Amino acid sequence: MMMIFLPVFSQDVSQERNVRFALWAQMDAYPGIEQAEEDSFALPVRKIKEISPLILSGMVYGWNFEYVPYDKARGVQEYFEFTPINELSEAEISSIKYAKPWVEDSNLYCWVEFRRSDAQIHLYKGWESILHPRIKGEGYAPLSEGFDGVKKACSEALKYAVRNYERKWIKSKPKEITGKVLMREPPKIGIDAGRYKITLDFFMETDKIVEYKTF
């Protein structure tokens with residue numbers, strides 16, 4: 001099944017209290033297979049609900065990352081991994097609202113809405129008030145990969161954001177960078193040449209930069 005985020009539109013400017021972004025999923029993911037009407041809605045709804053917590057975790061709590069840059073001279077392969085700082089709790093997942101659904105061009109659309117708690121607003125304002133670098137990146141992944149493709153494109157977007165920061169501000173190529181990020185605003189996700197194209201904008205906090213001792 002293919003699932004796609006719409007670019008952000010008609011958003012609350014700050015999104016400090018009420019996070020809101022649009023998602024959609026295909027309803028005809030399995031051509032030639034006859035489905036009951038309720039099943040045609042159940043499949044895209046399940047896919048939308050599958051990816052929402054990952055995106056919201058990056059917006060509400062942030063993601064950890066570990067990045068090892070590629071170094072041809074030293075024979076070091078590039079490595080990148082990101083994980084949620086905090087997974088959304090079952091209660092938080094249950095509180096996500098999927099509002100104002102509509103069907104257009106065989107796709108099911110809806111707004112994903114989440115209300116931040118006072119503690120989560122305080123966390124966001126803390127990131128916003130401290131002089132964290134602001135980084136931005138784009139990532140791509142095949143549409144055919146569904147949820148895994150969205151996660152892969154998010155990982156690539158964050159990796160390129162961190163890599164561009166490293167190249168601009170760190171004099172010598174580091175051995176490893178670890179840190180955390182918080183998404184500043186909802187993702188912009190669309191399609192480019194049969195691939196997901198995801199643009200993510202973050203606050204970044206560097207935990208550790210490990211340098212090579214010798215060449």
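This structure is a prediction, so every number in the text was calculated from the model and none was measured.
- What you find for H132 and F203 is that their closest heavy atoms are CB-CB, 4.2 Å.
- Taking hydrophobic clusters as Ile, Leu, Val, Met, Phe, Trp and Tyr residues chained together by side-chain heavy-atom distances below 4.5 Å, I51 does not share a cluster with I85.
- Using modelled atom types, one side-chain atom of E156 and one backbone atom of Y140 make a donor-acceptor pair closer than 3.5 Å.
- Annotation: side chain to side chain contact (heavy atoms under 4.5 Å, CB included) contacts of L123 (sequence neighbours excluded): Y61, W127.
- One finds the NE2 atom of H122 at 8.5 Å from the OG atom of S129 (value rounded to the nearest 0.5 Å).
- Counting only heavy atoms from C-beta outward, the side chains of I55 and C154 approach each other to under 4.5 Å.
- Residues L54 and M59 fall within the same hydrophobic cluster, defined by Ile, Leu, Val, Met, Phe, Trp and Tyr side chains chained together at heavy-atom separations under 4.5 Å.
- Considering every non-hydrogen atom in both K49 and P53, the closest pair reads O-CD, 3.1 Å.
- In this structure, the side chain of Q120 engages the main chain of S117 through a donor-acceptor pair within 3.5 Å.
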Go through it in stages, so that I can follow the logic: the residues are S52 and L88, the test is side-chain contact (heavy atoms from CB on, under 4.5 Å), and I'd like the CA-CA distance, side-chain angles, deciding distance and then a yes or no. CA-CA 10 Å; S52 298; L88 295 185; over 6 Å; no
Given Q77 and Y79, is the side-chain hydrogen bond (donor to acceptor under 3.5 Å, both in side chains) satisfied, shown in steps? CA-CA 6 Å; Q77 295 300 311; Y79 172 81; over 6 Å; no
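- Listed here is the closest heavy atom pair of Y196 and A153: CB-CB, 4.4 Å.
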Atom pairs and distances, donor-acceptor, side-chain atoms in residues 159-174, under 3.5 Å, two or more places apart:
residue : atom : partner : partner atom : Å
K159    : NZ   : E78     : OE1          : 2.9
N164    : ND2  : Y160    : O            : 3.2
K173    : NZ   : Y70     : O            : 2.8

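- Distance check: D71 CG to K175 NZ gives 11.0 Å after rounding to the nearest 0.5 Å.
- Taken to the nearest 0.5 Å, the CG atom of L158 stands 11.5 Å off from the CD1 atom of I198.
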Evaluate V181 against F82 for side-chain contact (heavy atoms from CB on, under 4.5 Å), listing each step before the verdict. CA-CA 10 Å; V181 293; F82 81 99; over 6 Å; no
Evaluate side-chain contact (heavy atoms from CB on, under 4.5 Å) for F114 paired with E92, printing each intermediate quantity in order. CA-CA 9 Å; F114 182 82; E92 288 171 329; 4.2 Å; yes
Between K125 and E128, does a salt bridge (charged side-chain N to carboxylate O under 4.0 Å, His left out) hold up when you go through it step by step? CA-CA 5 Å; K125 287 184 175 180; E128 189 178 40; over 6 Å; no
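- Of the possible donor and acceptor atoms, one in the side chain of R116 sits under 3.5 Å from a partner among the backbone N and O of E16.
- Interatomic distance, E176 CD to K208 NZ, rounded to the nearest 0.5 Å: 5.0 Å.
- No single ILVMFWY cluster, assembled from side-chain heavy atoms under 4.5 Å apart, contains both I121 and L182.
- Note that OG1 of T178 and CD of E205 are 10.5 Å apart. Values are rounded to the nearest 0.5 Å.
- Hydrophobic clustering (side-chain heavy atoms under 4.5 Å, transitive across Ile, Leu, Val, Met, Phe, Trp, Tyr) groups I209 together with M204.
- The CG atom of L56 sits 8.5 Å away from the OG atom of S95 when rounded to the nearest 0.5 Å.
- Across every non-hydrogen atom of S57 and N86, the tightest pair is CB-O, 4.0 Å.
- Using a 4.0 Å cut-off between charged side-chain N and carboxylate O, D201 and R134 make no salt bridge.
- Both I93 and M183 belong to a common hydrophobic cluster when Ile, Leu, Val, Met, Phe, Trp and Tyr are linked at side-chain heavy-atom distances under 4.5 angstrom.
- At least one side-chain heavy atom of Y98 sits under 4.5 Å from a side-chain heavy atom of I48.
- Using a cut-off of 4.0 Å between Lys/Arg side-chain N and Asp/Glu carboxylate O, D192 and R195 are scored as salt-bridged.
- The side chain to side chain contact (heavy atoms under 4.5 Å, CB included) check on K100 picks up R20, W111, with sequence neighbours excluded.
- Across every non-hydrogen atom of V76 and P69, the tightest pair is CG1-O, 3.8 Å.
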Set out, in order, the CA-CA distance, both residues' side-chain angles and the distance that settles side-chain contact (heavy atoms from CB on, under 4.5 Å) for E113 and N18, then state yes or no. CA-CA 7 Å; E113 299 177 348; N18 298 305; over 6 Å; no
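- Proximity of a side-chain donor or acceptor of S94 to a complementary backbone N or O of E90 within less than 3.5 Å is detected.
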